[in-house]
Structure formats: structure tokens, C-alpha cells
Amino acid sequence: MEKPGAILGVALLLLLQALDLVNARNEDICRLFSNNTVIRDPESCSQSITCIDSVSYYSRCTGSTPFFDKDAGKCVKSLSTSMSSCSISCDDRTSQFLADPKSCYGYYYCADEETPMYGTCPQDTHFNATTQMCSHQHESDCTTSTFEYCSIVKNSVNFDNLQGCNKYHVCEKGVLKDMTCSKTYYQASTGECVDKALVDCDAHPLPTEVCGKAGKPYENKFVADDVTCRGYFYCAKQKDGTPDPNPMWSQCPQDRFFDAASQMCLAPTAVKCSFDRCDGRTADFVESDTKGCRSYLRCSDGVTVGEYSCGNYFFDEELGACTPSVQTYTACK
Ligand SMILES: *[C@@H]1O[C@H](CO)[C@@H](O)[C@H](O)[C@H]1NC(C)=O
Ligand SMILES: *[C@@H]1O[C@H](CO)[C@@H](O)[C@H](O)[C@H]1NC(C)=O
């Protein structure tokens with residue numbers, strides 16, 4: 001039996017690392033998009049990204065169609081003025097290099113007044129329009145600009161919003177909308193709202209009044225996350241006596257479930273919980289919560305794939321088998 005508190009330090013560290021990863025520039029943008037979605041590269045007006053199994057595959061527009069049109073999903077000669085942040089003009093610039101407005105390392109070479117040709121500087125160098133050369137990154141004052149999702153994704157394509165397991169985005173007429181799955185979680189790989197147990201996500205939405213009511217807050221207390229059997233929130237005591245508005249989520253180690261009454265992580269059979277009992281389990285067969293302790297679940301990759309009955313026998317979780325000896329686990333009382 002472990003007190004969740006004992007592992008809180010580690011959980012905090014992991015959480016901070018996770019946040020760091022989300023912010024990291026090199027995190028693959030395709031983790032947000034469903035399989036085979038094509039978007040414009042946020043760092044180039046002339047490259048597209050095809051997302052395959054959450055990994056980015058780049059394609060470059062060349063020759064007389066140097067720009068990628070995210071709405072048409074193909075390379076075009078020029079972009080409409082609504083994509084003005086991608087407008088590059090070679091008028092009076094024949095044989096010159098122009099900076100790419102989307103990145104520090106991209107450039108266009110004007111082959112003639114009509115034909116900008118996209119190119120990129122070698123690794124660790126930036127393009128400098130003044131010197132017309134790629135020079136070492138540390139000599140450059142170029143900083144990459146932020147981008148708007150709706151300038152790289154076409155309308156009506158769902159994509160993940162990492163702020164919450166149930167949240168996602170969609171662009172409508174070029175405007176970013178926040179969407180929420182009702183009673184389900186958003187699955188980035190399929191672009192759909194699906195059963196919560198099928199989504200591997202730690203940004204669980206806070207249950208209503210998770211840390212108590214205004215006059216009666218839970219202070220320094222662990223509360224169930226109401227979505228999983230292992231997860232809990234830690235409600236810290238607030239200086240002003242209000243409920244913790246931002247309790248931290250964490251979860252019990254493998255093969256342990258959270259028990260609110262004892263404030264501990266216990267053996268799953270000792271905890272009543274009707275969420276997915278296969279979550280975080282190492283066994284292939286586990287006790288179900290069906291009353292009488294005569295049923296068991298089959299688990300695959302931490303998800304329940306079926307429930308079966310032992311008939312007149314009882315399911316013994318330790319043996320992983322049906323036995324004639326009576327079982328009276330709390331889980332299935
Ligand atoms: C994603 O798409 C690729 C290419 O079409 C395909 O090979 C792959 O199996 C797909 N992945 C899934 C999880 O369906
Ligand atoms: C380009 O190079 C010039 C000359 O070395 C320098 O003064 C200027 O700051 C550079 N521009 C950028 C954007 O780095």
C-alpha cells in the first residue's frame with residue numbers, strides 16, 4: 001500500500017516534464033491530427049505536411065507552383081490575398097533572394113519576375129536578406145513568428161486541443177473554434193469523440209466542485225478523478241480558504257487503484273470502482289465490479305475487451321481463474 005503523497009514528488013516532476021515537452025518547438029505537430037491529414041507547414045508557405053500515424057512527412061512545392069494551398073491541398077502558382085502572410089513578390093527582384101516570412105531558414109530565389117523558388121538554408125544557419133546569404137544562427141537576429149492554426153489547416157478538419165482530454169479544435173470560415181466531446185474523449189488519431197477508456201490522455205477535465213464547495217473546501221486531500229480507477233486529484237489548502245481551483249492530477253502505480261476513503265493506493269480488489277478496471281493492469285484477466293464476484297474482464301493493452309462469467313464459480317484475481325471457493329472482494333460486493 002502506498003500513500004499517493006509519497007509519489008506526489010515524482011508525479012510533479014513528470015508533470016513538469018510533460019508540460020515542457022508540449023512547449024518544445026520540435027514536438028511533432030502531427031500528434032494533433034488524424035491519420036492522413038494534410039496541412040501547410042507552419043514554418044513555410046511552400047511546404048505541406050502529411051500526418052501519418054502522428055508523424056510529419058514533408059513535401060515541397062517547386063517550379064511554377066511554389067506555394068502550398070491548404071484549402072485546395074495542392075501546390076499553386078500564387079495564393080489568394082487572404083493568405084497575405086504568405087505573399088512573396090518577385091517584381092523587380094529577378095535573380096535575387098527573398099526571406100521566407102514563415103521561418104528564419106527559408107528563402108525564395110526569384111528565377112524571374114513571376115517565379116519564386118523555395119529553398120532552405122543548411123542546418124543551424126539562417127537566411128539574411130541583406131547579405132543574401134545563409135549565415136550562422138548565432139549571428140542572426142531573426143526570430144520565428146507564432147502561427148495561427150487556421151492558416152495551416154483547412155476548414156472543418158478536427159484537431160486535438162491539448163488543454164483537455166475532451167477538447168478539440170476546428171476551423172470554421174478560418175476562425176478557430178473550441179469544441180468539447182460530450183461524455184467522451186477526443187481521439188486525435190481518428191479525429192473523433194470516443195469512449196474515454198480508449199484515449200491515453202492525462203489532461204482530465206476537473207469534475208464539478210472537485211475540491212469541495214466555496215464554504216467547505218477539501219484541504220490537502222486526494223479525490224478521485226471520476227474517470228479512471230487509478231487517477232486522483234490533489235486538492236491543496238489555499239491561503240484564502242477557497243477550494244483549490246487547479247488541483248493536480250496523478251495516478252496510482254500499476255496494479256493499484258485509488259481509494260478515497262483511506263486516501264491510499266490499494267490492490268484493485270479492495271476498491272469499488274466501475275471505470276475501466278483493466279487500466280494500468282499487468283494481468284490479462286481481472287475481477288469485474290459485477291456484484292457477486294463471479295465475473296471477470298479480459299484486458300488488452302490496458303483496456304477492457306470483454307466480460308465473462310465463471311458460472312457458479314467465483315473469480316479469484318490472484319489465481320486469475322474461476323474457483324469454487326467463495327470470493328468477497330470489496331470490488332464486487
Ligand atoms: C495511417 O495511414 C497510413 C497510410 O495511409 C496507413 O498505412 C496506416 O496503417 C494508417 N494507420 C492507422 C492506425 O490506421
Ligand atoms: C544580416 O546581416 C547584417 C550584416 O551582417 C546584420 O547587420 C543584420 O542584423 C542581419 N540581419 C538579420 C535579420 O539577422
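As the structure lists them, so they are numbered: ligands from 1, and atoms in each ligand from 1.
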Looking at the rings of [X] and [Y], which for Trp means the six-membered one, are their centres under 6.0 Å apart?
{"X": "His204", "Y": "Phe233", "value": "no"}
{"X": "Tyr149", "Y": "Phe159", "value": "yes"}
{"X": "Tyr109", "Y": "Tyr107", "value": "no"}

TODO: Hey, could you give me the SG/CD distance between Cys181 and Gln187, rounded to the nearest 0.5 Å?
DONE: 10.0 Å

- [ ] Return yes or no for this condition: an N or O of Asp141 is under 3.5 Å from an N or O of ligand 2.
- [x] yes

- [ ] Please say whether Asn128 places an N or O atom under 3.5 Å from an N or O atom belonging to ligand 2.
- [x] yes

- [ ] Return the residue, atom name and 0.1 Å-rounded distance of the protein heavy atom closest to atom 4 (C) of ligand 2.
- [x] Thr131 CG2, 4.0 Å

- [ ] Tell me which protein heavy atom sits closest to atom 13 (C) of ligand 1, plus the residue, atom name and distance to 0.1 Å.
- [x] Asp53 OD1, 3.5 Å

Task: Residue Ser140 vicinity, atoms of ligand 2 by number, heavy atom under 4.0 Å - done: 14 (O)

Open item on the list: Given Thr190, Thr50, Asn35, identify the one with the heavy atom nearest to atom 12 (C) of ligand 1.
Closed with: Asn35

Open item on the list: Measuring from atom 5 (O) of ligand 1, which candidate in Ile52, Asn36, Val55 has the nearest non-hydrogen atom?
Closed with: Asn36

Task: atom 7 (O) of ligand 1 touched by protein heavy atom at under 4.0 Å - done: no

Task: Geometric cation-pi criterion Arg294 and Phe314, 6.0 Å radius, 45° cone - done: yes

Task: Salt-bridge contact Arg281-Asp255 (side-chain N to carboxylate O under 4.0 Å) - done: yes

